[in-house]
Amino acid sequence: MTDASDQASDQADAADAAAAEARIDSTVPHSARFWNHWLGGKDNYEVDRVIAEQIAATWPGLVDVARTSRSFLHRAIRHLVEDTGMRQFLDVGTGLPTAENTHEVAQRLAPEARVVYVDNDPLVLAHARALLTSSPEGATDYLDADLRDTDRILREAARTLDLSRPVALILMGVMGHVADHGEAKVIIGRLLDGLPSGSHLVHYDGTNTSPGMVEAQDQYNSSGAVPYHVRSPQQIAGYFDGLDVLEPGIVRVTEWRPGTGHLLGGPLEVDAYGGVGRKP
């Protein structure tokens, strides 16, 4: 029999989902939703599919970024679970659930792994509780929060994660939404400051390494969606200042340990750089 506390939790979840649905603007494209379209997901609107196809026609390489960056995430999590014993993951700016999400990869390898997702897209919130399930031995949670609100993220993540033990901070393609590079570095620094020695940063972002990528991002930014700013590989490397960067360093996502596991097909020279760093 379902007890009163379970019923209250279910009612709260339903209220959260309803409130999230009310905040969704289906007339303006959103990066999380057209990214979801490129990854084969169904949680997007016509306006997202239109801009996604326009961008893909302008620069198909951005679709390759979406797919190969997901493969990079898979390989990084596999390394952290199998080679470092990581069992805690804080995924900020997670986007819409599709396939091979952080908790699925981590808990398949270590069922006791614990994962907290953070995003502030109401569509992500509306679907998160239904889609981001957990293994019985582990746990997943979802926070509806902006990545700039670092104190709140760390405070509420501590309900699920033990922040006295190492945590993998995952920032996949999200820091480009912060217009100022200096501010983006500060945000990452504040999040890492709240995590102990032995924690890791897993990060990638789109780069200004081809005219096509820059043009595609300009087209997206002119669509009315939340802007995204591509940066240089050197700027992305700056996010890892003070960390022990794992081999092979800050490289194209297709070049990060491609022989160590899951790798979707795609060209080698995608316009996305990233890496994994350990907090001393």
Side-chain angles (χ1 to χ4, degrees), residues 20 23-39 41 43-70 73 91-96 98 117-126 143-150 153 170-191 203-239 252-253 270-274:
R23 290 164 48 202
I24 295 170
D25 186 349
S26 61
T27 67
V28 176
H30 193 290
S31 61
R33 299 197 299 255
F34 73 69
W35 215 254
N36 173 264
H37 171 66
W38 284 336
L39 290 174
D43 298 314
N44 47 74
Y45 296 104
E46 180 65 21
V47 66
D48 305 305
R49 295 187 286 273
V50 168
I51 189 64
E53 295 307 317
Q54 289 176 350
I55 292 174
T58 301
W59 184 239
L62 191 53
V63 183
D64 295 323
V65 168
R67 294 171 179 167
T68 58
S69 63
R70 180 53 60 109
L73 173 65
D91 189 332
V92 182
T94 182
L96 286 162
T98 50
Y117 292 98
V118 182
D119 209 300
N120 67 340
D121 184 341
L123 189 60
V124 179
L125 174 60
L143 306 180
D144 180 29
D146 189 281
L147 86 153
R148 294 174 176 83
D149 196 352
T150 55
I153 289 172
I170 297 174
L171 296 165
M172 297 290 288
V174 66
M175 300 313 297
H177 287 300
V178 180
D180 183 77
H181 174 61
E183 181 186 4
K185 287 191 68 174
V186 168
I187 290 169
I188 294 175
R190 286 176 177 168
L191 288 169
H203 170 71
Y204 97 91
D205 256 316
T207 52
N208 56 5
T209 42
S210 74
M213 180 65 159
V214 174
E215 181 181 351
Q217 287 304 148
D218 287 344
Q219 182 178 354
Y220 164 68
N221 290 346
S222 67
S223 71
V226 177
Y228 183 91
H229 305 273
V230 291
R231 297 198 161 101
S232 70
Q234 293 76 22
Q235 287 176 309
I236 290 175
Y239 295 145
R252 296 182 192 272
V253 293
V270 295
D271 294 301
Y273 276 65

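Just the heavy atoms: all of them, side chains too, but no hydrogens, waters or symmetry mates, feed the values below. Here the structure is a predicted model, which means the values were calculated and not measured.
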What residues form a side chain to side chain donor-acceptor pair (under 3.5 Å) with D149, not counting sequence neighbours? none

List the residues meeting side chain to side chain donor-acceptor pair (under 3.5 Å) with S69, not counting sequence neighbours, and say none if there are none. Y204

To the nearest 0.5 Å, tell me how far [X] [atom1] sits from [Y] [atom2].
{"X": "L143", "Y": "N120", "atom1": "CG", "atom2": "CG", "value": "11.5 Å"}
{"X": "H229", "Y": "D180", "atom1": "NE2", "atom2": "CG", "value": "9.5 Å"}
{"X": "D271", "Y": "R252", "atom1": "CG", "atom2": "CZ", "value": "6.5 Å"}
{"X": "T68", "Y": "L73", "atom1": "OG1", "atom2": "CG", "value": "11.5 Å"}

Could you pull out the closest heavy-atom pair between [X] and [Y], with the gap in Å?
{"X": "D205", "Y": "V174", "answer": "OD1-N, 3.5 Å"}
{"X": "I236", "Y": "H203", "answer": "CG2-CD2, 3.8 Å"}
{"X": "P233", "Y": "T209", "answer": "CG-CG2, 3.7 Å"}
{"X": "I153", "Y": "A145", "answer": "CG1-CB, 4.2 Å"}

Those residues at least two apart in sequence (or on a different chain) that pass salt bridge (Lys or Arg N to Asp or Glu O under 4.0 Å) with E183 are R148

Mind checking what makes salt bridge (Lys or Arg N to Asp or Glu O under 4.0 Å) contact with R49, not counting sequence neighbours? E46

Listed partners of A184 passing side-chain contact (heavy atoms from CB on, under 4.5 Å), at least two apart: M175, V178, R231, Y239

Considering residues at least two apart in sequence or located in another chain, which fulfil the side-chain contact (heavy atoms from CB on, under 4.5 Å) criterion with T150? I187, R190, L191

Could you point out which residue of D91, I170, V92 forms a side-chain contact (heavy atoms from CB on, under 4.5 Å) with Y117? D91

